[in-house]
Amino acid sequence: MPELPEVETVVRGLQAVLPGRRILSVRLGKTDFIDDPKLLSERLPGSSIGWISRFGKFIFVELSGGARDTNSEAQLHLLIHLGMTGRVTACAPSEPVRPHTHVFFALDDGNELRYTDPRRFGKIRLADDAWMDALRARWGEDALAIGAAEFVQRAGRRGARIKALLLDQHTVRGIGNIYADESLWRAKIHPARRADRLNAKQLRTLHRAIRTTLLAAIDLRGSSFSDYVDAEGNPGMFQRMHRVYQREGKACRRCGSAIRRVQVAGRSSFFCPRCQLAPRTPKRSRARKK
DNA sequence: AGCTCTTCCTGAAAGC
DNA sequence: TGCTTTCAGGAAGAGC
């Protein structure tokens with residue numbers, strides 16, 4: 001599941017091979033996850049790739065000089081979201097094509113940029129500067145860019161459970177299920193706690209825990225469980241460092257208690273029942289009667 | 001308005 | 001063994 005550290009790793013890999021390349025042609029398979037597939041086919045051939053960057057879990061590819069705006073100053077931005085199972089790789093066209101590969105860009109160095117996504121939860125869209133400005137105004141800050149004070153202020157006025165808030169990309173962008181659980185464990189906060197019931201000190205601790213966790217994961221090139229690989233096709237190593245995620249029943253690395261798993265915000269949430277105390281009035285999403 | 005639940009999709013794993 | 005069912009999750013949209 002690509003979250004911020006995985007996307008950052010992919011972006012660094014693409015940064016090493018894509019800038020300066022020209023896109024010669026575009027070939028598409030299934031397109032139901034592409035915002036405007038015809039636009040891609042029309043505008044991308046002939047355009048040059050500039051800087052590659054990351055915002056939350058989005059990959060931004062700067063493009064200039066496409067087929068129909070050779071004399072225009074306007075930049076185009078290719079937005080790629082990997083969803084659950086998306087992978088972007090640059091390789092030789094002779095490399096075997098993985099199943100569910102739906103986008104092929106032929107590049108002027110003879111290589112091919114491919115987008116593969118079995119579940120097609122990913123998104124691809126072409127945006128202009130105005131669209132990008134609107135998007136940045138509407139979206140929350142990147143999880144590695146937001147300061148402690150702003151995080152405390154934003155989160156502290158929300159009634160949502162802290163796990164749901166971390167997963168909601170409108171508040172802080174880039175955190176998904178793995179890093180939400182890992183950060184909450186590090187900060188010793190139960191996933192079902194309401195954000196506005198946490199004090200400023202706890203929220204500052206959480207902000208710090210998020211940074212520490214994400215940076216450590218980037219160092220190990222992300223977490224690989226099922227599908228995630230970087231731009232060269234290699235898995236990450238941070239899954240070996242997980243403290244709670246996918247460790248139900250195993251010993252907490254801090255206190256030895258058995259890690260538990262509950263549903264919060266419709267997602268599996270792993271936590272230590274001793275280090276992360278439950279809220280006083282635990283919310284039950286549904287009364288279970290048997 | 002603000003929060004939670006459902007939906008999309010496929011492959012892996014569990015269940016019978 | 002082999003078929004069927006369940007589950008995983010990002011984020012939009014529906015529902016409350």
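Below, chain A is the first sequence line, B the second, and so on; all start at residue 1.
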query = Over its full length, what angle do the end axes of the helix from B:dG2-C:dC16 to B:dC16-C:dG2 make, each axis taken from five pairs and the result rounded to 10 degrees?
reply = 60°

What pairs of donor and acceptor atoms, side-chain ones from residues 14-25 of chain A against any protein atom, are under 3.5 angstrom apart with sequence neighbours left out?
residue, atom, partner, partner atom, Å
A:Gln15, OE1, A:Ile52, N, 3.1
A:Arg21, NE, A:Asp108, OD1, 2.6
A:Arg22, NH1, A:Gly46, O, 2.6

message = Under the rule for ring-ring contact (aromatic ring centres under 6.0 Å, His included), what residues qualify as partners of A:Phe151, not counting sequence neighbours?
response = A:His207

key: Residue pairs, two or more places apart or on separate chains, that pass ring-ring contact (aromatic ring centres under 6.0 Å, His included) and touch residues 36-56 of chain A   = A:Phe55-A:Trp139

remark   = Contacts of A:His81 meeting ring-ring contact (aromatic ring centres under 6.0 Å, His included) (sequence neighbours excluded), chain-then-number -> A:Phe58

remark   = Separation of C:dG9 atom P from A:Asp117 atom CG, nearest Å, is 16 Å

message = Applying a 4.0 Å non-hydrogen cut-off, can you work out what A:Lys163 is touching in the nucleic acid: base, sugar-phosphate, or nothing?
response = nothing

task = To the nearest Å, give me how far apart CZ (A:Arg87) and P (B:dT10) are.
result = 17 Å

query = Among all residues two or more places apart in sequence or in another chain, which pass the side chain to side chain contact (heavy atoms under 4.5 Å, CB included) test with A:Ala265?
reply = A:Ala164

A:Trp185 six-ring face occupied by A:Arg253 cation (under 6.0 Å, within 45°) = no

inquiry  = Base, sugar-phosphate or nothing for A:Tyr245? Non-hydrogen atoms, less than 4.0 Å.
reply    = sugar-phosphate

message = Within the 4.0 Å heavy-atom criterion, would you say A:Ala164 contacts the bases, only the backbone, or no part of the nucleic acid?
response = sugar-phosphate

Restricting both atoms to N or O, compile the protein contacts to nucleotides 11-13 of chain B shorter than 3.5 Å, with distance only.
residue, atom, partner, partner atom, Å
B:dG11, OP1, A:His100, NE2, 2.6

Pairing residues for A:Asp35 by the side chain to side chain contact (heavy atoms under 4.5 Å, CB included) criterion, not counting sequence neighbours = A:Arg125

key: Distance below 4.0 Å between A:Thr85 side-chain N/O and C:dG9 OP1 or OP2   = no

key: For A:Leu277, the rest of its hydrophobic cluster, which grows through side-chain links under 4.5 angstrom   = none

note = With B for base contact, S for sugar-phosphate-only contact and - for none (protein heavy atoms under 4.0 Å), nucleotides 10-16 of chain C reads BBS----

request  = Using whole Å, report how far CD of A:Gln246 lies from P of C:dA8.
outcome  = 8 Å

note = With sequence neighbours left out, the residues meeting ring-ring contact (aromatic ring centres under 6.0 Å, His included) with A:Tyr245 are A:Phe225, A:His242, A:Phe270

inquiry  = Given 3.5 Å as the limit, does a donor-acceptor pair link the side chain of A:His102 with the main chain of A:Lys30, or not?
reply    = yes

key: Rounded interatomic separation in angstrom, taking CZ from A:Arg161 and C1' from B:dC3   = 9 Å

ask   = For A:Arg114, what residues pass the side chain to side chain contact (heavy atoms under 4.5 Å, CB included) criterion, not counting sequence neighbours?
value = A:Thr89, A:Cys91, A:Glu95, A:Val97, A:Thr101, A:Phe104, A:Glu112

